[in-house]
Participant: 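This structure is in structure tokens; I'll ask about it shortly.
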Amino acid sequence: MAEIPNLTFSNGHKMPVFGIGTYQSRAGDVEKAVSEAINLGYRHIDTAYYYQNEKEIGQAVRAKIEDGTVKREDLFITTKLWNSFHKEESVVPACKKSLENLGLSYVDLYLIHWPFAFKEGGDLLPKDENGVLQMTDTDYLETWRGMEECARLGLARSIGISNFNSEQITRLLGVAKILPVNNQIEVNVNLNQKPLIDFCKKHNITVTAFSPLGQPGNRAGIPNSLDNPKIVDLSKKYNKTPAQIALRYVLQHGISIIPKTVTPSRLKENMNIFDFSLTDEEMAAIASIGTGQRVSRFGDAKGHKYYPFEVAV
Ligand code: NDP
């Protein structure tokens, strides 16, 4: 297997450009998938408090450390702060809760999952009696102070953001004492995000692509373009699957990718993309078929002052 390269953060820490995503990976499946991924050479694991699988992932990771397959320092583990813990004083306890779930003393990267906040408390998606999502206007700049405290306490080696737009990043960079090293955003054939990726790179913020396959079978019903004739032709040319062409396309934006699968054959398939590259012309041809459709829109939060997708970049 070809070596997986790293991206280097502005603080010097390194992140493998390829990892396993775990959104919607359920208990029972996720332990096996993470364990098998580590056996295959995956070293980057992405989870979130919201996914409610930190405990299972932690069990699998600790078992692979205990059996000598890897050391903790060989792994890069990301988790994310959920929207109902955005008050400054809630952030460190939320991070500690994730670490307790994982059974780890630190994560490599802790991200603010979304820029907007929900009513504090137990519910992941707090709703009022009319079924309306209960949001608050807690400022993500306040949340960031809590994130910085997580870094200072050594609970997170690095801190970053997810689903932030360029205006929100600019505002954050204006006050941050510890800089965000990463923005995790949706990037796939439909949504190549070149302007936001360029913006992040200019500000020394690495990008991780979520839903790099366009989340096939997504609830929003967004087609993922993997059956587009251009992708299919390239898959024949390189003797790769359409999914491998799509992943290689996203990777070649100079970013990290975290495709999710719980299927053993796909764990292998998805990582087998480091032995070929697409030409500039092929990259442009794939860019031209992008529909601009977003899988992850969080439509219930539309209208919130920190909803990130109302601005162009
Ligand atoms: P992906 O684009 O990774 O697609 C995952 C889906 O594709 C699953 O249904 C999987 O099925 C299927 N799949 C995986 N490999 C292949 C393949 N080779 N061929 C065909 N189908 C395949 O979507 P995700 O939304 O899961 O994104 C990846 C990760 O990014 C998430 O798991 C999560 O960790 C993160 N994420 C972060 C978000 C954020 O807001 N920060 C939002 C969304 C995701 P199966 O498992 O059955 O094999």
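Both ligands and their constituent atoms are indexed starting at 1 by order of listing. Everything numeric here is computed off the predicted structure, so don't read it as measured data.
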Participant: Considering non-hydrogen atoms of the protein only, which is the closest contact for atom 30 (O) of ligand 1, and what is the distance?
Facilitator: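 So the nearest neighbour among protein heavy atoms is Phe210 CB, 3.2 Å.
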
Participant: Quick one: look at Ser211 and ligand 1, take heavy-atom pairs under 4.0 Å, and tell me if it's side chain, backbone, both or neither.
Facilitator: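 Looking at Ser211 and ligand 1, atoms from backbone and side chain both fall under 4.0 Å.
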
Participant: Just jot down the ligand 1 atoms closer than 4.0 angstrom to any heavy atom of Pro259, in number order.
Facilitator: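 Here the atoms of ligand 1 in question are 3 (O).
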
Participant: Compute the minimum heavy-atom distance from Gly217 to ligand 1 and say whether it is under 4.0 Å.
Facilitator: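 Contact absent.
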
Participant: Given Ile258, Asp46, Asn188, which one has a non-hydrogen atom that is nearest to atom 29 (C) of ligand 1?
Facilitator: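 That would be Ile258.
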
Participant: Among all protein heavy atoms, pick the one closest to atom 40 (O) of ligand 1 and tell me residue, atom and distance.
Facilitator: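 Closest protein heavy atom to atom 40 (O) of ligand 1: Asn163 ND2, 2.9 Å.
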
Participant: If you count the atoms of ligand 1 from 1 in the order shown, which ones are under 4.0 Å from a heavy atom of Val262?
Facilitator: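 Close to Val262: 45 (P), 46 (O), 48 (O).
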
Participant: Which of the numbered atoms in ligand 1 are under 4.0 angstrom from any heavy atom belonging to Gly214?
Facilitator: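 Near Gly214, meaning under 4.0 Å from one of its heavy atoms, ligand 1 has 2 (O).
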
Participant: Taking non-hydrogen atoms only, is Ala243 closer than 4.0 angstrom to ligand 1 via side chain, backbone, both or neither?
Facilitator: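 The part of Ala243 near ligand 1 is the side chain, not the backbone.
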
Participant: Quick one: which ligand 1 atoms are inside 4.0 Å of a heavy atom on Thr263?
Facilitator: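 This gives 45 (P), 47 (O), 48 (O) as the contact atoms.
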
Participant: Just jot down the ligand 1 atoms closer than 4.0 angstrom to any heavy atom of Gln184, in number order.
Facilitator: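 With Gln184 as reference, the close atoms of ligand 1 come out as 35 (C), 36 (N), 37 (C), 38 (C), 39 (C), 41 (N).
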
Participant: Hey, what do you get for CZ (Arg152) to CD1 (Ile178), rounding to the nearest 0.5 Å?
Facilitator: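 Reported value, rounded in 0.5 Å steps: 4.5 Å.
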
Participant: Does Ser225 reach the main-chain N or O of Asn190 with its side chain, forming a donor-acceptor pair under 3.5 Å?
Facilitator: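 Such a contact is absent between Ser225 side chain and Asn190 backbone.
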
Participant: For residues 98-106, which side-chain donor-acceptor pairs fall under 3.5 Å, sequence neighbours excluded?
Facilitator:
| unit_1 | atom_1 | unit_2 | atom_2 | d |
| --- | --- | --- | --- | --- |
| Ser98 | OG | Glu54 | OE1 | 3.3 |
| Ser98 | OG | Glu54 | OE2 | 2.7 |
| Asn101 | ND2 | Glu54 | OE1 | 2.8 |

Participant: For the backbone of Thr143 and the side chain of Thr138, can you confirm whether one donor and one acceptor N or O come within less than 3.5 Å of each other?
Facilitator: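 Looks like no, no N/O pair under 3.5 Å.
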
Participant: Strictly by side chain to side chain donor-acceptor pair (under 3.5 Å), give each pair with a member in residues 245-257 just once, sequence neighbours left out.
Facilitator: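 Pairs touching residues 245-257 that pass the test: Asn192-Tyr249, Arg248-Gln252.
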
Participant: How far is atom 41 (N) of ligand 1 from its nearest protein heavy atom, and which residue and atom is that?
Facilitator: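 For this ligand atom, the closest protein heavy atom is Ser162 OG, 2.8 Å.
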
Participant: State whether the shortest distance between N or O atoms of Thr261 and N or O atoms of ligand 1 falls below 3.5 angstrom.
Facilitator: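 Yes; at least one N/O pair falls below 3.5 Å.
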
Participant: Can we say Lys260 and Asp46 salt-bridge, meaning some charged N sits less than 4.0 Å from an Asp/Glu carboxylate O?
Facilitator: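 Looking at Lys260 and Asp46, the cut-off is not met.
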
Participant: Show the nearest heavy-atom pair for residues Lys55 and Arg62, with the distance to one decimal.
Facilitator: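 Looking at all heavy atoms of both residues, the closest pair is O-NH2, 4.5 Å.
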
Participant: What part of Glu269, side chain from CB on, backbone N/CA/C/O, both or neither, has a heavy atom under 4.0 Å from ligand 1?
Facilitator: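 Just the side chain.
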
Participant: Using a 4.0 Å heavy-atom cut-off, which part of Leu111 comes near ligand 1: side chain, backbone, both, or neither?
Facilitator: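 No part of Leu111 is near ligand 1 at this cut-off.
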
Participant: Going by the angle between their ring planes, with limits at 30° and 60°, are Trp82 and Tyr50 parallel, tilted or perpendicular?
Facilitator: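 Ring orientation of Trp82 relative to Tyr50: parallel.
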
Participant: Under a 4.0 Å heavy-atom limit, does Thr47 contact ligand 1 with its side chain, its backbone, both, or neither?
Facilitator: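 Answer for Thr47: neither.
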
Participant: Which bit of Pro212 is near ligand 1, meaning a heavy atom under 4.0 Å away: side chain, backbone, both or neither?
Facilitator: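 The answer is both.
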
Participant: Could you tell me how the ring of Phe276 sits relative to the ring of Tyr238: parallel (under 30°), tilted (30 to 60°) or perpendicular (over 60°)?
Facilitator: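 Correct class here is tilted.
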
Participant: What's the separation between atom CD1 in Ile222 and atom CD in Gln293, rounded to the nearest 0.5 Å?
Facilitator: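 Atom-to-atom, Ile222:CD1 and Gln293:CD are 4.5 Å apart.
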
Participant: Only heavy atoms count here, so choose which of Arg266, Lys260, Glu186 is nearest to atom 20 (C) of ligand 1.
Facilitator: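 The nearest heavy atom belongs to Arg266.
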
Participant: Could you list which atoms of ligand 1 come closer than 4.0 Å to a heavy atom of Leu213?
Facilitator: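 Selected atoms, number and element: 2 (O), 13 (N), 14 (C), 15 (N), 16 (C), 22 (C).
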
Participant: Short list, please: which atoms of ligand 1 are under 4.0 Å from a heavy atom of His113?
Facilitator: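 Per the distance check, 39 (C), 40 (O), 41 (N).
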
Participant: Got the closest protein heavy atom to atom 18 (N) of ligand 1, with its distance?
Facilitator: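 In this structure, atom 18 (N) of ligand 1 has Asn270 OD1, 2.8 Å as its nearest protein heavy atom.
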
Participant: Tell me whether the centres of the aromatic rings in Phe298 and Phe309 are closer together than 6.0 Å.
Facilitator: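 No.
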
Participant: I need the nearest protein heavy-atom contact for atom 7 (O) of ligand 1: residue, atom name and distance, please.
Facilitator: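 Answer, as residue, atom name and distance: Pro216 CD, 3.2 Å.
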
Participant: Taking the ring centre of each residue, are Tyr23 and Phe210 less than 6.0 Å apart?
Facilitator: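 They do not qualify: ring centres at least 6.0 Å apart.
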
Participant: Would you check if the distance from the ring center of Tyr49 to the ring center of Phe85 is below 6.0 Å?
Facilitator: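 Ring-ring flag for Tyr49/Phe85: true, centres closer than 6.0 Å.
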
Participant: Is it the case that Asn53 and Thr47 place a side-chain donor and acceptor less than 3.5 Å from each other?
Facilitator: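 Yes, because at least one side-chain N or O of Asn53 sits under 3.5 Å from a partner of the opposite role on Thr47.
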
Participant: Numbering the atoms of ligand 1 from 1, which are under 4.0 Å from a heavy atom of Gln215?
Facilitator: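 Matching atoms, with element in brackets: 1 (P), 2 (O), 4 (O), 23 (O), 24 (P), 25 (O).
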
Participant: Name the option, out of Tyr51, Tyr23, Phe298, that contains the heavy atom nearest to atom 36 (N) of ligand 1.
Facilitator: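 Comparing heavy atoms across Tyr51, Tyr23, Phe298, the nearest one to atom 36 (N) of ligand 1 lies in Tyr51.
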
